[in-house]
Amino acid sequence: MEQVVVIVGAGPSGLATSACLSVHSIPHVILEREDVYASLWKKRAYNRLKLHLAKEFCALPFKPHSPDSPTYIPKGMFVDYLDDYVETFNIRPRYHRSVESAFYNEADGKWRIEANNMETGAVEVYVAEFLVIASGENSAKYIPDLPGLDTFKGATIHSKEYKSGAKYKNNDVLVVGCGNSGMEIAYDLSTFGVPTSIVIRSPFHVVTKEIVRLGMVLSKHVPVGIVDFMVVWLSKIVFGDLSKYGIHKPKQGPFYLKATAGRAPVIDVGTIGKIRSKEIKVVPAISRIDGKKVLFENGVEREIDVIIFATGYKSVINNWLKVNRFPNSHFASNDYDYILNEDGMPKNGFPHHWKGEKNLYCCGLSRRGLFGVSMDATAIVDDIKKVISEKKNK
Ligand SMILES: Cc1cc2nc3c(=O)[nH]c(=O)nc-3n(C[C@H](O)[C@H](O)[C@H](O)COP(=O)(O)OP(=O)(O)OC[C@H]3O[C@@H](n4cnc5c(N)ncnc54)[C@H](O)[C@@H]3O)c2cc1C
Ligand SMILES: NC(=O)C1=CN([C@@H]2O[C@H](COP(=O)(O)OP(=O)(O)OC[C@H]3O[C@@H](n4cnc5c(N)ncnc54)[C@H](OP(=O)(O)O)[C@@H]3O)[C@@H](O)[C@H]2O)C=CC1
Ligand SMILES: O=C(O)C(=O)Cc1c[nH]c2ccccc12
């Protein structure tokens with residue numbers, strides 16, 4: 001099937017890219033492995049989730065949030081916004097299409113994309129001039145290989161499967177990971193009266209969503225060092241010194257870490273209060289698991305019924321994005337050099353991350369949330385438009 005642009009993934013990145021292409025009347029197709037668009041928001045996010053960033057930083061191109069919607073939009077309302085977006089731009093992804101391979105064919109100068117049609121079992125081949133990777137930073141779960149995990153007698157889940165604490169009443173639950181998912185899940189469990197512990201092993205910043213909003217506004221006008229000084233100072237006034245609870249601040253500031261390493265500060269939803277009141281217990285790193293017993297690095301041993309891994313995500317894009325060094329043979333090797341590094345993340349730093357070689361682009365891989373998605377989609381489509389018009393004028 002010959003296409004101008006193929007987009008892999010119908011999350012906010014795929015939808016935003018599609019809307020921008022439609023505005024410029026550039027034909028395209030979106031391939032999505034699930035049976036819905038925005039599968040993260042519709043299927044994989046827990047019930048209590050609200051956007052952490054104020055609505056002005058969470059809009060997709062051409063559609064600001066309604067003045068009537070709350071500043072911090074709940075999950076359901078964000079899904080309504082996306083439904084409206086899809087209708088406005090008449091976006092019709094092809095569902096149940098899991099992209100298993102894509103490579104640039106030097107022979108005809110086009111991308112060759114193979115998708116498994118999960119309904120029919122057939123492999124569909126798409127040929128495209130432009131390829132946009134929009135498969136998300138959070139598509140594959142990362143679970144650490146802890147010593148003895150295979151002997152664990154309780155249940156384990158990843159944060160992407162978690163919905164609410166209602167299911168875990170009367171269980172001793174251990175949350176591993178203290179990013180935003182882990183901290184928010186621990187809070188949710190605790191509101192259902194579930195005995196909850198959380199593993200905290202590295203330093204992180206704790207902020208409020210209002211402080212982050214102020215930081216985002218300041219970032220437009222002043223250098224990151226000054227933003228971080230303000231943010232850390234305000235957070236200290238709100239939270240005080242948390243080191244007696246095992247929470248230590250990194251040396252570098254929160255906005256600097258977000259910009260350089262993609263590490264988001266923890267935006268507190270009430271977890272800190274519950275840690276202070278000991279409703280949520282903080283434990284150090286796990287050294288070993290044996291049956292139902294979990295041994296921690298401070299020598300303490302606990303019986304645990306359920307482990308929730310809120311240990312983040314890994315990129316699996318290099319499993320399907322291939323570089324074909326030998327176009328006339330079927331041999332394709334991963335050299336990662338068109339756009340991504342060997343970890344499957346952009347090889348170029350922000351703001352040069354979204355454009356690769358051979359008309360290859362990535363949207364939503366800058367670790368800047370929906371704000372980054374919107375920036376990428378706009379830049380990518382401007383570039384595609386430019387390449388098309390340069391070709392026409394040749
Ligand atoms: C719990 C949680 C809360 C978050 N909250 C916020 C927030 O408040 N504000 C914010 O700005 N950001 C937030 N984020 C970041 C979030 O990742 C982005 O907001 C947004 O969802 C990214 O959109 P995306 O389209 O790039 O990726 P995704 O939403 O992950 O969409 C990618 C799509 O690609 C599909 N796909 C993947 N691989 C393939 C393949 N091989 N073939 C076909 N289809 C494929 C997937 O099924 C999925 O539908 C949150 C993330 C998580 C996990
Ligand atoms: N409401 C919202 O807007 C929300 C937004 N998000 C966003 O989604 C993205 C993903 O967040 P999240 O799912 O929290 O993932 P993150 O990658 O941010 O966090 C993973 C956590 O797991 C820890 N970890 C990893 N391996 C181990 C291990 N072996 N033992 C103990 N701890 C371990 C990490 O700690 P270490 O540093 O020590 O490796 C880190 O604290 C982020 O950008 C986040 O901000 C998430 C939830 C809610
Ligand atoms: O929730 C996330 O991970 C995000 O990426 C949102 C986000 C973008 N820029 C930020 C700066 C500080 C805190 C959160 C974010």
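A quick note: this is a predicted structure, and the numbers were derived from the prediction, not measured.
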Test side-chain hydrogen bond (donor to acceptor under 3.5 Å, both in side chains) on Asp382 and His24 and set out the steps. CA-CA 9 Å; Asp382 280 350; His24 296 292; 4.6 Å; no
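- Note: the hydrophobic cluster containing Ile388 does not contain Val6 (ILVMFWY, side chain heavy atoms under 4.5 Å, direct or indirect links).
- The nearest pair of heavy atoms linking Leu15 to Ala10 is CG-O, 3.9 Å.
- Tracing side-chain contacts under 4.5 Å through hydrophobic residues (I, L, V, M, F, W, Y), one never reaches Val269 starting from Met77; they form parts of separate clusters.
- Counting heavy atoms from C-beta outward, Ile317 and Val8 have side chains that stay 4.5 Å or more apart.
- Using the six-membered ring where Trp is involved, Trp354 and Tyr361 have ring planes that are parallel, under 30° apart on the 30 and 60° scheme.
- For Thr196 (side chain) and Val194 (main-chain N/O), a donor-acceptor pair under 3.5 Å exists by modelled atom type.
- Side-chain N/O atoms of Ser98 and Glu100 include a donor and acceptor closer than 3.5 Å.
- When all heavy atoms of Pro27 and Val4 are compared, the closest pair comes out as O-CB, 3.4 Å.
- The residues Asp172 and Lys281 are annotated as not salt-bridged, no charged nitrogen and carboxylate oxygen being separated by less than 4.0 angstrom.
- Counting heavy-atom neighbours within 6.0 Å of Phe192 CZ, excluding the residue itself, gives a total above 12.
- Atom CZ of residue Arg92 and atom OH of residue Tyr37 lie 8.5 Å apart, to the nearest 0.5 angstrom.
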Take Asp188 and Tyr162 through the test side-chain hydrogen bond (donor to acceptor under 3.5 Å, both in side chains) and record every step on the way to the result. CA-CA 10 Å; Asp188 189 63; Tyr162 181 89; 2.6 Å; yes
Kindly determine whether Ile308 and Ile157 satisfy side-chain contact (heavy atoms from CB on, under 4.5 Å), including the steps that lead there. CA-CA 5 Å; Ile308 299 178; Ile157 64 160; 3.9 Å; yes
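- Between Ile7 and Gly14, the closest heavy-atom pair is CG2-CA, 3.7 Å.
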For side-chain contact (heavy atoms from CB on, under 4.5 Å), just list the numbers for Arg97 and Glu32, CA-CA rounded to whole Å, side-chain angles, deciding distance to a tenth of an Å, and then say yes or no. CA-CA 5 Å; Arg97 298 326 198 271; Glu32 167 58 56; over 6 Å; no
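- No donor-acceptor pair closer than 3.5 Å links the side chain of Arg44 to the backbone N or O of Ser139.
- With respect to the salt-bridge test (charged N to carboxylate O, under 4.0 angstrom), the residues Lys293 and Glu303 do not qualify.
- No side-chain donor-acceptor contact under 3.5 Å links Arg48 and Ser164.
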Please test Asp383 against Lys355 for side-chain contact (heavy atoms from CB on, under 4.5 Å), starting from the C-alpha separation and ending with a verdict. CA-CA 9 Å; Asp383 200 72; Lys355 184 177 160 84; 2.7 Å; yes
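- Relative to the six-membered ring of Tyr126, Arg112 misses at least one condition, a distance below 6.0 Å or an angle of at most 45° to the axis.
- Side-chain atoms of Arg368 come within 3.5 Å of backbone atoms of Ser366 as a donor-acceptor pair (strictly under, hydrogens ignored).
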One pair to check against side-chain contact (heavy atoms from CB on, under 4.5 Å): Ile339 and Glu357. What are the steps and the verdict? CA-CA 7 Å; Ile339 195 163; Glu357 294 158 45; over 6 Å; no
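- With ring centers used as reference points, Phe130 lies 6.0 Å or more from Trp111.
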Report the C-alpha distance between His205 and Phe239 in whole Å, list the side-chain angles of each, state the deciding distance to 0.1 Å, and finish with yes or no for ring pair (Phe, Tyr, Trp, His ring centres under 6.0 Å). CA-CA 11 Å; His205 290 282; Phe239 297 103; over 10 Å; no
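- The shortest distance between side-chain heavy atoms of Val283 and Val300 does not fall below 4.5 Å.
- A donor-acceptor pair is defined here as one N or O able to donate and one able to accept, closer than 3.5 Å; such a pair exists between the side chain of Asp241 and the backbone of Ser243.
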Checking salt bridge (Lys or Arg N to Asp or Glu O under 4.0 Å) for the pair Arg94/Glu124: CA distance, chi angles, key distance, verdict? CA-CA 12 Å; Arg94 294 194 188 173; Glu124 295 175 351; 5.4 Å; no
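- Judged by a 6.0 Å distance limit and a 45° cone about the ring axis, Lys292 is not positioned over the six-membered ring of Phe152.
- Between Arg213 and Glu56, at least one side-chain N (NZ, or NE/NH1/NH2) sits under 4.0 Å from a carboxylate O, which counts as a salt bridge.
- Between the side chains of His96 and Asn116, not a single donor N or O lies within less than 3.5 Å of an accepting N or O.
- The backbone N or O of Ile26 sits less than 3.5 Å from a side-chain atom of His28, completing a donor-acceptor pair.
- If you take OG on Ser389 and CD1 on Ile384, they are separated by 12.5 Å, rounding to the nearest 0.5 Å.
- Side-chain atoms of Tyr104 and Leu131, non-hydrogen and from C-beta on, never get closer than 4.5 Å to each other.
- Although no hydrogens or angles enter the test, the distance criterion places no donor-acceptor pair under 3.5 Å between the side chain of Ser190 and the main chain of Ala186.
- A donor-acceptor contact shorter than 3.5 Å links the side chain of Ser315 to the backbone of Gly344.
- If you take SG on Cys58 and CG on Leu51, they are separated by 4.5 Å, rounding to the nearest 0.5 Å.
- Counted by atom type alone, Asp268 and Tyr187 present zero donor-acceptor pairs between their side chains at under 3.5 Å.
- Contact between Tyr46 and Asn180 at its shortest, heavy atoms only, is OH-O, 4.3 Å.
- In this model, no donor atom of one side chain and acceptor atom of the other lie less than 3.5 Å apart for Glu129 and Asn359.
- Counting only distance, with no hydrogens or angles, the side chain of Asp228 and the backbone of Phe255 share a donor-acceptor pair below 3.5 Å.
- The shortest side-chain heavy-atom distance between Met345 and Glu137 falls under the 4.5 Å cut-off.
- For the pair Asp84 and Lys63, the salt-bridge criterion is met [side-chain N within less than 4.0 Å of a carboxylate O].
- Classification of the Phe78-Tyr81 ring pair by plane angle, with boundaries at 30° and 60°, yields parallel.
- Ile200 and Ile286 are assigned to two separate hydrophobic clusters, defined by single-linkage of ILVMFWY side chains at heavy-atom distances under 4.5 Å.
- Ring centroids of Phe57 and Phe371 are separated by less than 6.0 Å, placing the two rings close together.
- One hydrophobic cluster, built from ILVMFWY side chains closer than 4.5 Å, cannot hold both Val266 and Val232; they sit in different ones.
- For the pair Ser287 (side chain) and Leu295 (backbone), a donor-acceptor distance under 3.5 Å is present.
- Considering Ile267, Thr271, Val175 in turn, Thr271 is the only one that fulfils the side chain to side chain contact (heavy atoms under 4.5 Å, CB included) rule with Met183.
- Using a 4.5 Å cut-off between side-chain heavy atoms of Ile, Leu, Val, Met, Phe, Trp and Tyr, with links allowed through other members, Leu214 and Val224 fall into the same hydrophobic cluster.
- Taking the ring centroids of His52 and Tyr72, they lie at or beyond the 6.0 Å cut-off.
- For Arg201 and Glu297, the salt-bridge test fails: no basic side-chain N is under 4.0 Å from an acidic carboxylate O.
- To the nearest 0.5 angstrom, Ser181 atom OG is 5.0 Å from Tyr313 atom OH.
- Aromatic ring orientation, Phe89 versus Phe62: tilted (interplanar angle from 30° to 60°).
- Checked by atom type and distance alone, the side chain of Asn117 never pairs as donor or acceptor with a backbone atom of Gly121 at under 3.5 Å.
- With salt bridges taken as basic N to acidic carboxylate O contacts below 4.0 Å, one links Glu2 and Lys110.
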